[in-house]
Participant: 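First, the structure itself, so that you have it in front of you.
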Amino acid sequence: VRANPGRVFGGHGDFNQDGSLLYVSEFEPPPSGKGFLTVLNGSDFTKIRSMPSRGKYPHDVTLNRNGKILCISNLGVETGPHVKHSGIHISRFLLPEERFLDRVELNDNYREMSSEPKIPNSSRIFSDDPIIQTDARYFISFLEVAKPHLENFVYPHSHKPIVNIWSVKERRLIKEFVFRSEEHTSELQSRETI
């Protein structure tokens, strides 16, 4: 699987229900960041078509539970009358027509997250970090639109040795799992001291 010439993969994709199509996110390199929803053949991953993602730097792509609506998040901050807070939004497309439906603003306000674990005696080494909470709030906001039936969100952070389980409805940490490794020992010790 390769990004189209002059583009970068946004990092995510999802198959349609019968597996015949794979929808992926792509964007032009900075400073443009112009986003695309690209449709690939589900067997040999050749490009079938590509359309604007209706935003910049698209990332997450997923189909809703019944496979009729495709959601693609656009992470680039935008301006204009449709932007209410962060400029981060989901573009929704109706399948199988791939017709653009609307844009839904997402929320990444970390102050709405509670890092007080529901499970007593859980680790809190990283869960109080505003970056972790901002990421978790974004993903929960994404799930509230794309997968509203999900109750929990399991988040393996890409830059920290943790996996956090968050309650989607309560926006609250359930449990934090810390993986101790030599690479992160000094960071863990300094955070545990604090």
Participant: Are Y110 and I132 close enough that some pair of their side-chain heavy atoms sits under 4.5 Å apart?
Facilitator: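 Side-chain contact under 4.5 Å: no.
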Participant: When you group the ILVMFWY residues by side-chain heavy-atom contacts below 4.5 Å and let the links chain together, are L70 and L40 in the same group?
Facilitator: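 Different hydrophobic clusters.
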Participant: Would you say NZ of K34 has more than 12 non-hydrogen atoms from neighbouring residues, nucleotides or ligands within 6.0 angstrom?
Facilitator: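 Incorrect, the count does not exceed 12.
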Participant: Less than 4.5 Å apart, any side-chain heavy atom of F100 and any of M51?
Facilitator: no
Participant: Would you find more than 12 non-hydrogen atoms of other residues, nucleotides or ligands less than 6.0 Å from R99 atom CZ?
Facilitator: no
Participant: In this structure, are over 12 heavy atoms from other groups packed under 6.0 Å from E151 atom CD?
Facilitator: no
Participant: Quick check for you: to the nearest 0.5 Å, what is the distance between R172 atom CZ and I140 atom CD1?
Facilitator: 12.5 Å
Participant: Does N74 use its side chain to pair, donor to acceptor, with the backbone of S53 at less than 3.5 Å?
Facilitator: yes
Participant: Check for a donor-acceptor pair, side chain of S141 on one end and backbone N or O of N107 on the other, with a separation under 3.5 Å.
Facilitator: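 Answer holds: yes.
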Participant: Any donor-acceptor pair under 3.5 Å linking the side chain of K147 with the backbone of L63?
Facilitator: yes
Participant: Any salt bridge linking E112 with R137? Criterion: basic side-chain nitrogen under 4.0 Å from a carboxylate oxygen.
Facilitator: yes
Participant: Contact between R7 and S50 at the side-chain level, heavy atoms closer than 4.5 Å - yes or no?
Facilitator: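 A side-chain contact under 4.5 Å exists here.
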Participant: Does R111 offer a backbone N or O that forms a donor-acceptor pair with the side chain of Q133 under 3.5 Å?
Facilitator: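 The answer is no, because no donor-acceptor pair under 3.5 Å joins these two groups.
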Participant: Would the distance check show the side chain of N41 and the main-chain N or O of D44 forming a donor-acceptor pair, the cut-off being under 3.5 Å?
Facilitator: yes
Participant: Does a donor on one side chain sit under 3.5 Å from an acceptor on the other, for S122 and E176?
Facilitator: no
Participant: Which atoms form the tightest heavy-atom contact between E98 and R49, and what is the distance?
Facilitator: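 Minimum heavy-atom separation between E98 and R49: OE1-NE, 2.6 Å.
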Participant: Could you go through the ring-ring contact (aromatic ring centres under 6.0 Å, His included) check for H157 and Y155 one step at a time?
Facilitator: CA-CA 6 Å; H157 199 278; Y155 180 39; 5.2 Å; yes
Participant: At what distance, to the nearest 0.5 angstrom, does NE2 of H89 lie from CD1 of I72?
Facilitator: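 Here the interatomic distance stands at 9.0 Å.
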